[in-house]
Amino acid sequence: MVGKGEAPAPREPEEEEEDTGGVVKLISAEGFEFVVDKKAAMVSNTLRNMLTSPGGFSETRQGEVRFPEISTHILEKICQYFYWSLHYSSGKETAEFPIEPEITLELMMAANYLDT
């Protein structure tokens with residue numbers, strides 16, 4: 001019970017609970033930084049594991065992930081997909097995600113790595 005003027009005691013997060021608040025910085029091979037909502041980044045299973053693992057990854061501590069193999073224009077498209085996926089994940093409405101034919105192969109390789 002909390003009395004007048006007392007703050008509630010902090011609670012420990014449950015084991016299954018994930019921190020999806022805040023932002024994460026994704027850095028392309030050229031050094032361009034994309035700041036995205038952590039919830040959006042969690043669309044990627046690879047990023048989810050990096051950002052929530054108890055193993056002490058530097059990505060977890062710093063809130064940023066470097067992608068030395070992913071170019072800026074591909075990482076930008078991936079970030080767009082994260083938000084698109086969040087918007088349409090309910091299934092109530094659908095829309096096609098636009099992909100330019102000239103980036104398809106590079107985008108598929110990055111998506112495979114990110115497990116999205």
Side-chain angles (χ1 to χ4, degrees):
M1 188 167 147
V2 177
K4 201 176 221 180
E6 292 179 36
R11 67 176 185 91
E12 293 295 319
E14 297 175 17
E15 195 169 314
E16 297 292 317
E17 190 177 333
E18 291 179 350
D19 175 23
T20 57
V23 295
V24 62
K25 189 185 303 183
L26 307 179
I27 305 170
S28 71
E30 296 86 3
F32 194 87
E33 299 176 351
F34 294 90
V35 178
V36 298
D37 294 323
K38 194 170 182 182
K39 184 176 182 179
M42 296 292 192
V43 167
S44 162
N45 289 322
T46 301
L47 288 174
R48 177 185 303 270
N49 290 337
M50 285 179 176
L51 297 170
T52 61
S53 290
F57 287 107
S58 65
E59 292 86 358
T60 305
R61 292 189 309 276
Q62 297 172 353
E64 67 179 43
V65 183
R66 295 184 179 276
F67 296 103
E69 302 288 326
I70 301 178
S71 64
T72 299
H73 71 282
I74 296 298
L75 190 55
E76 178 181 22
K77 196 67 170 180
I78 288 168
C79 292
Q80 291 171 1
Y81 174 77
F82 291 163
Y83 285 102
W84 178 90
S85 180
L86 281 179
H87 182 78
Y88 294 104
S89 64
S90 68
K92 293 180 182 174
E93 58 179 310
T94 59
E96 191 170 306
F97 183 72
I99 299 173
E100 298 78 20
E102 58 274 6
I103 67 166
T104 303
L105 180 59
E106 201 175 351
L107 188 60
M108 286 177 56
M109 291 184 337
N112 183 52
Y113 170 72
L114 292 170
D115 194 13
T116 55

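Residues Asn45 and Thr116 have side chains not in contact (no heavy-atom distance under 4.5 Å, counting atoms from C-beta outward). Using a 4.5 Å heavy-atom cutoff, the side chains of His87 and Glu93 are in contact.
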Side chain to side chain contact (heavy atoms under 4.5 Å, CB included) evaluation trace for Tyr83 with Val36: CA-CA 9 Å; Tyr83 285 102; Val36 298; 3.6 Å; yes
Test log, rule side chain to side chain contact (heavy atoms under 4.5 Å, CB included), inputs Met42 and Leu47: CA-CA 6 Å; Met42 296 292 192; Leu47 288 174; over 6 Å; no
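One finds the CG atom of Asp37 at 10.5 Å from the SG atom of Cys79 (value rounded to the nearest 0.5 Å). Note: Gln80 CD to Phe34 CZ = 8.5 Å, rounded to the nearest 0.5 Å. Remark: Met50 CE to Glu64 CD distance equals 12.5 Å, nearest 0.5 Å.
Side-chain atoms of Thr72 never come within 3.5 Å of backbone atoms of Ser28 as a donor-acceptor pair (strictly under, hydrogens ignored).
Closest heavy-atom contact between Ala40 and Leu86: CA-CD1, 3.4 Å. Nearest heavy-atom pair across Gly63 and Val24 is O-CG2, 3.2 Å. Between Tyr81 and Val43 the shortest heavy-atom distance is CE2-CG1, 4.1 Å. Across every non-hydrogen atom of Leu26 and Phe67, the tightest pair is CD2-CE1, 4.0 Å. Across all their heavy atoms, Thr46 and Tyr113 have their closest contact at OG1-O, 2.8 Å. The shortest non-hydrogen separation linking Ala95 to Trp84 is O-CZ2, 2.7 Å.
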Please list, one pair per line, the donor and acceptor atoms closer than 3.5 Å that link side chains of residues 97-110 to other protein atoms, with sequence neighbours excluded.
| from | atom 1 | to | atom 2 | distance (Å) |
| --- | --- | --- | --- | --- |
| Glu100 | OE2 | Lys77 | NZ | 3.4 |
| Thr104 | OG1 | Glu100 | O | 3.4 |
| Thr104 | OG1 | Pro101 | O | 3.1 |
| Glu106 | OE2 | Ser71 | OG | 3.1 |

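Through side-chain heavy atoms spaced under 4.5 Å, either directly or across other Ile, Leu, Val, Met, Phe, Trp or Tyr residues, Val35 is tied to Val23. Using a 4.5 Å cut-off between side-chain heavy atoms of Ile, Leu, Val, Met, Phe, Trp and Tyr, Ile27 forms no hydrophobic cluster with any other residue.
Within a 6.0 Å radius of CD in Glu69, other residues, nucleotides and ligands contribute 12 heavy atoms or fewer.
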